[in-house]
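Reading through the structure tokens given below for one structure.
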Protein chains: 2
Amino acid sequence: MTKRPERIADKIAEKLRSAIVGGRLRPGDALPSERELAEQYDVNRSSIREAMGRLETWGLVKIRHGGATRVSDFLMGAGLELLPHLVELGGKVDPAILEDLHSLRGMLLGWCAEMAARKADAGDVEKLEGLVRQLSDPKAKSSALQVLDYDFYQELVRISGNRVLGLFTNVVREVYLKGPDGFASLYGRDVFDPSHHRVAVAAIRARDGAKAGAAMRAHAATALRTREETT
Amino acid sequence: MTKRPERIADKIAEKLRSAIVGGRLRPGDALPSERELAEQYDVNRSSIREAMGRLETWGLVKIRHGGATRVSDFLMGAGLELLPHLVELGGKVDPAILEDLHSLRGMLLGWCAEMAARKADAGDVEKLEGLVRQLSDPKAKSSALQVLDYDFYQELVRISGNRVLGLFTNVVREVYLKGPDGFASLYGRDVFDPSHHRVAVAAIRARDGAKAGAAMRAHAATALRTREETT
DNA sequence: CCGTGCTAACTGGTCGGACCAGTCATGACC
DNA sequence: GGTCATGACTGGTCCGACCAGTTAGCACGG
């Protein structure tokens, strides 16, 4: 948990990022000039420039030679790589974003289970069954269960063969498993009840896409419901 | 079509990016030192540093103070922000990735149409109707229709209120509208037949989520089918 | 009075050269 | 053979200068 010695540009980019996604800097606002920022933070202009470069590649600001650097409407222009930053706004998890993420993931979960049912071979099914077995271990910790649950998801994505969904999954994993226990503390242990997974795997083995999708959607819905109850 | 005068850091980052995703630089390989690169490209080291910063935020390289900068295994851990770079591998569009992208987008299209039906207010519906009107213009160019079609999608996402889906959409837009005509040349004009959009808007106005979702899914399926026919 | 166009004071972009701060291979020493 | 100092790398930060676009304001001609 100790902070690694961070580059100046990263620290400043981080400050500004948080100011932007936190709403203290609104889309359209002009940032102070690089020279001003350099003086303000008491660092060299080069460091400010590198920080600005990061903000720009994150889609948070628009730099124009000769004109002021302005905050862009990042919800309009930023990519998914911003997600990890949005989630831990000021160190606290933003529940609304998390809600969005989970509902989206739930739907994708169902969808790729359907595709997996059409494409899985014997080896794939075996892998999934292995994961279900581990998920059923009564001695497993909640954090471990969360990882397994995600591994199951990622395996479904792999079997579905959709590489774009694979990239998406990589980003979400970073968010989902953040921190020492991921979000395990946010959810009860029952969230990882493997019964839905078991049903899904059986359906995939039987090439029943609809049933597999329904099972995984039910699993995701359970997670959401459990979360609402604890709110 | 004329190239805007590009920053040299961007040009160099672009060169290296293409070398990495093109496989000329493999994961684990060490890049030349910043001083070497500066001499090699005959630019200042600052420009090289800014280029490296971009590569790092793209997840393509790992920079370590004191050690060499190495290409990271982006295929394993990279996020969706890499999609635009992957698609134009070597200047050519990879049809398989595009296929994955379209099927995923189609499903999301249906899903957020359902959510939009639950959340849209009068102003939202009006906006959608305006877009449908423009889509119905018989004089519109194919490229313009593609932009409108995407605007319609993006508007649905906005109405759905799912911010994570919004971020995803931003990335996809970059890919989808790449090049002078986007992918308009890949699809026939009939792909942008607005009849499905019309049905969807009517359903959203009537709060009929299922119908709206079905209409947009049908639209996406048409696009895919049309593409397969022309293959 | 309005518009036009020049100019000056901004903005970001590039330069080079100095020095600080980690890493790592090498080789003397135990 | 192991270990640890050391120097030659690597990237990180700083400075100060100048180039190159943008913009706002002012003087000028209509």
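Keep in mind that what you see is a predicted model, and the values were worked out from it rather than measured. In what follows, chains are A, B, ... by sequence order, proteins preceding strands, each numbered from 1.
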Residue Gln40(B) excluded, over 12 heavy atoms near CD under 6.0 Å: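 Counting neighbours around CD of Gln40(B), more than 12 heavy atoms of other residues, nucleotides or ligands fall under 6.0 Å, so yes.
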
Assess whether atom CZ of Arg45(B) is packed by more than 12 heavy atoms of other residues, nucleotides or ligands within 6.0 Å.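 Above 12, so yes.
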
So does [X] pair up with [Y], basic N to acidic O under 4.0 Å?
X: Arg49(B); Y: Glu34(B); value: yes
X: Asp29(B); Y: Arg70(B); value: no
X: Arg158(B); Y: Glu155(B); value: yes
X: Arg7(B); Y: Asp10(B); value: yes

Rounded to the nearest Å, what distance is computed from the [atom1] atom of residue [X] to the [atom2] atom of nucleotide [N]?
X: Glu56(A); N: dG13(C); atom1: CD; atom2: C1'; value: 12 Å
X: Glu39(B); N: dG17(C); atom1: CD; atom2: C1'; value: 15 Å
X: Ile48(B); N: dG17(C); atom1: CD1; atom2: P; value: 16 Å

Residue list, side chain to side chain donor-acceptor pair (under 3.5 Å) with Arg26(A), at least two apart or on another chain: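 For Arg26(A) there are no side chain to side chain donor-acceptor pair (under 3.5 Å) partners, ignoring immediate neighbours.
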
Give every pair of a protein N or O atom and an N or O atom of nucleotides 11-14 of chain D that lie under 3.5 Å apart, one pair per line with the distance.
| from | atom 1 | to | atom 2 | distance (Å) |
| --- | --- | --- | --- | --- |
| dG11(D) | OP2 | Glu34(B) | N | 3.0 |
| dG11(D) | N7 | Arg35(B) | NH1 | 3.0 |
| dG11(D) | O6 | Arg35(B) | NH2 | 3.0 |
| dG11(D) | N2 | His65(B) | NE2 | 3.1 |
| dG11(D) | N3 | His65(B) | NE2 | 3.2 |
| dG12(D) | OP1 | Arg7(A) | NH1 | 3.0 |
| dG12(D) | OP2 | Arg49(B) | NH1 | 2.9 |
| dG12(D) | OP2 | Arg49(B) | NH2 | 3.2 |
| dG12(D) | N7 | Arg45(B) | NH2 | 2.8 |
| dG12(D) | O6 | Arg45(B) | NH1 | 3.1 |
| dT13(D) | OP1 | Ile8(A) | N | 2.6 |
| dC14(D) | OP2 | Asn44(A) | N | 3.0 |
| dC14(D) | OP2 | Ser47(A) | OG | 3.0 |

Check: protein-nucleotides 6-8 of chain D nitrogen or oxygen pairs below 3.5 Å:
none

Flag the pair Val147(A) / Tyr150(A) as yes when at least one side-chain heavy-atom distance between them is below 4.5 Å, and no otherwise.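 Side-chain contact under 4.5 Å: no.
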
